[in-house]
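Following: one structure in structure tokens, then a few remarks.
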Amino acid sequence: MSYLETTKDVYKEAALTPDVGLCCTTNPIWELPGLKIPRIMQEMNYGCGSTVHARDLTNNPKTLYVGVGGGMELLQFAYFSRQKGGVIGVDVVDEMLEASRKNFKIAEEQNDWFKSEFVDLKKGDAMNLPVEDNSIDVAAQNCLFNIFKADDLKKAIAEMYRVLKPHGRLVMSDPTCEQPMNDDLRNDERLRALCLSGSLPIADYVKALTDAGFGTIEIRARKPYRILDPKHYPTDELIYIESIEVAAIKDPMPADGPCIFTGKAAIYYGEDDYFDDNAGHVLLKNQPLAVCDKTAGAFAALERDDIFISESTFHYDGGGCC
């Protein structure tokens with residue numbers, strides 16, 4: 001049995017018998033006017049963060065969500081679009097698609113604005129999406145890509161890139177791990193399916209996105225997720241796993257490389273009212289400006305004694321230099 005077949009079995013079981021402990025999201029449930037999320041959707045929230053951000057969802061975007069879970073994030077996306085087929089949900093597990101359909105009927109009863117036809121559920125997998133080229137404004141996946149091995153991950157990211165419109169965005173939440181994992185962990189198909197042993201370092205995760213052509217990367221959150229300890233897992237040392245929330249934007253790739261925002265800021269505190277580097281970046285005196293890592297490096301290379309560059313906070317919420 002391949003690791004992908006093991007994954008299908010795990011989520012078939014999770015569709016038939018909801019498992020609250022399958023994933024461990026630390027995000028609170030959205031509380032928006034008129035939005036009620038059925039309890040069954042909350043119990044089937046098999047993610048490690050959130051991919052729903054209001055600033056991504058203006059002007060009725062066409063939205064794609066891969067790996068539907070119990071339908072909770074599909075419902076949240078539909079809240080912002082409210083149109084027939086405005087949201088597409090894709091999953092390879094028949095039982096998960098059927099569970100979502102049933103959950104949407106409950107959501108209709110609890111939300112007078114919602115209709116099941118707002119969400120178009122389709123059978124398909126992340127490496128062969130049943131979606132046209134350049135047709136999606138916002139694509140999303142939650143705790144799915146970390147399951148894939150390297151070649152499959154490359155295919156899945158390429159598929160998301162293919163279906164996105166120019167300047168569209170891929171919004172994701174996945175576990176990451178900065179420590180090395182032994183082969184017993186990496187090769188355990190069930191642990192991989194459970195979103196644990198496939199976790200990559202953040203730098204490798206980001207590189208996979210920029211290698212696919214995404215010109216802008218935003219790391220929006222970085223949070224504690226799980227512990228793999230020697231008492232319960234095949235490891236001699238305690239391994240700490242975090243979850244990150246990331247947006248990869250289908251911007252043209254800059255000639256000097258991608259803009260990767262990891263939560264750095266620059267502050268000018270010199271004698272003038274502002275500092276202009278003549279490269280498109282203006283720092284107002286004593287006003288922090290969010291900068292991508294590339295721009296932060298360029299400012300640091302100036303070796304000025306009146307510009308401060310912060311460390312990465314791994315939290316970025318828009319604006320800044322680029």
Side-chain angles (χ1 to χ4, degrees), residues 7-8 10-20 22-23 25 27-47 49-54 56-126 128-132 135-144 159-160 163-165 168-173:
T7 300
K8 285 181 65 176
V10 166
Y11 289 95
K12 175 182 176 180
E13 181 181 339
L16 297 173
T17 306
D19 184 356
V20 177
L22 183 63
C23 289
T25 178
N27 289 66
I29 300 300
W30 273 70
E31 294 186 12
L32 293 169
L35 174 62
K36 294 182 180 179
I37 298 175
R39 179 168 295 279
I40 185 62
M41 285 187 174
Q42 298 178 39
E43 292 174 352
M44 298 178 68
N45 179 21
Y46 302 138
S50 177
T51 63
V52 184
H53 298 268
D56 297 329
L57 301 171
T58 58
N59 301 316
N60 298 320
K62 186 75 171 182
T63 305
L64 167 69
Y65 188 70
V66 183
V68 300
M72 187 178 84
E73 287 188 90
L74 290 165
L75 176 65
Q76 293 171 351
F77 282 124
Y79 178 88
F80 290 91
S81 63
R82 304 194 184 195
Q83 56 187 311
K84 184 177 181 179
V87 181
I88 299 172
V90 175
D91 206 298
V92 72
V93 181
D94 291 319
E95 291 80 4
M96 197 65 79
L97 291 168
E98 182 58 28
S100 289
R101 290 189 183 95
K102 292 178 180 178
N103 293 347
F104 289 146
K105 293 300 181 183
I106 300 172
E108 283 184 335
E109 296 172 359
Q110 297 183 12
N111 295 272
D112 57 13
W113 59 267
F114 178 69
K115 296 181 176 64
S116 292
E117 66 180 21
F118 291 170
V119 182
D120 183 9
L121 291 174
K122 296 186 177 184
K123 174 76 175 287
D125 68 75
N128 187 26
L129 294 171
V131 181
E132 295 180 358
S135 62
I136 299 296
D137 296 292
V138 179
Q141 65 82 23
N142 194 336
C143 217
L144 172 64
E159 274 292 272
M160 290 291 211
V163 303
L164 281 169
K165 298 176 183 178
R169 55 193 59 202
L170 169 58
V171 187
M172 301 163 290
S173 180

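Hydrogens, waters and symmetry mates play no part in the numbers below; they use all other heavy atoms, side chains included. Bear in mind the structure is a predicted one, so any value in this text is a computation, not a measurement.
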> Considering residues at least two apart in sequence or located in another chain, which fulfil the side-chain contact (heavy atoms from CB on, under 4.5 Å) criterion with K115?
Replying inline: E108, E117, F118
> Would you say the side chain of N45 lies within less than 4.5 Å of the side chain of I37, judging by non-hydrogen atoms?
Replying inline: no
> Is any side-chain heavy atom of V131 less than 4.5 Å from a side-chain heavy atom of E159?
Replying inline: no
>> Test of understanding: with salt bridge (Lys or Arg N to Asp or Glu O under 4.0 Å), list the residues that count as partners of K165, not counting sequence neighbours.
In response: D137
> What's the shortest heavy-atom distance between G34 and N111, and which atoms?
Replying inline: O-OD1, 3.0 Å
> Is a side-chain donor or acceptor of N103 paired with a backbone partner of M41 at a separation under 3.5 angstrom?
Replying inline: no
> Is L74 close to L121 at the side-chain level, that is, under 4.5 Å between some pair of heavy atoms?
Replying inline: yes
> Do V66 and M160 have side chains that get closer than 4.5 Å, going by heavy atoms?
Replying inline: yes
> Is the shortest heavy-atom distance from the side chain of P130 to the side chain of V90 under 4.5 Å?
Replying inline: yes
>> Please report the interatomic distance NZ(K102) to CG(L97), rounded to the nearest 0.5 Å.
In response: 12.5 Å
>> Quick check: do L16 and K12 have side-chain heavy atoms less than 4.5 Å from each other?
In response: yes
>> Can you give me the closest heavy-atom contact between S100 and G69, atom names plus distance?
In response: OG-O, 3.1 Å
> For the residue pair V138 and P61, what are the closest heavy atoms and their distance?
Replying inline: CG2-CB, 4.2 Å
>> Could you measure the distance from the CD atom of Q42 to the CE atom of M72? Nearest 0.5 Å is fine.
In response: 7.0 Å
>> Please check if the number of heavy atoms outside K62 that lie under 6.0 Å from its NZ is greater than 12.
In response: yes
> With side chains defined as the heavy atoms from C-beta onward, is the minimum distance between S116 and K105 less than 4.5 Å?
Replying inline: yes
> Does the Y46 side chain pair with the main chain of A14, one donor and one acceptor, at a distance under 3.5 Å?
Replying inline: yes
>> Using a 6.0 Å cut-off, check whether atom NZ of K36 has over 12 heavy atoms from anything other than its own residue.
In response: no
>> Would you compute the distance between atom CE of M96 and atom CD of E13 and round it to the nearest 0.5 angstrom?
In response: 10.5 Å
> For residues 63-82, which residue pairs qualify under side chain to side chain donor-acceptor pair (under 3.5 Å), counting only residues two or more places apart or in two chains?
Replying inline: T51-E73, Y65-E73, E73-N142
> Do L129 and L64 have side-chain heavy atoms sitting under 4.5 Å apart?
Replying inline: yes
> About how many Å separate CD1 of I106 and CG of L75, when rounded to the nearest 0.5 Å?
Replying inline: 11.5 Å
>> So which atom in H53 and which in L57 form the shortest heavy-atom distance, rounded to 0.1 Å?
In response: O-CG, 3.4 Å
> Looking at W113 and L35, what are the two nearest heavy atoms and their distance?
Replying inline: CZ2-CD1, 3.8 Å
> For the ring pair (Phe, Tyr, Trp, His ring centres under 6.0 Å) test, which of F77, F104, F80 pairs with F114?
Replying inline: F104
> Distance-only, no hydrogens or angles: does the D125 side chain make a donor-acceptor pair with backbone N or O of V92 under 3.5 Å?
Replying inline: no
> Is there a donor-acceptor pair closer than 3.5 Å between any side-chain N or O of E132 and the backbone N or O of S135?
Replying inline: no
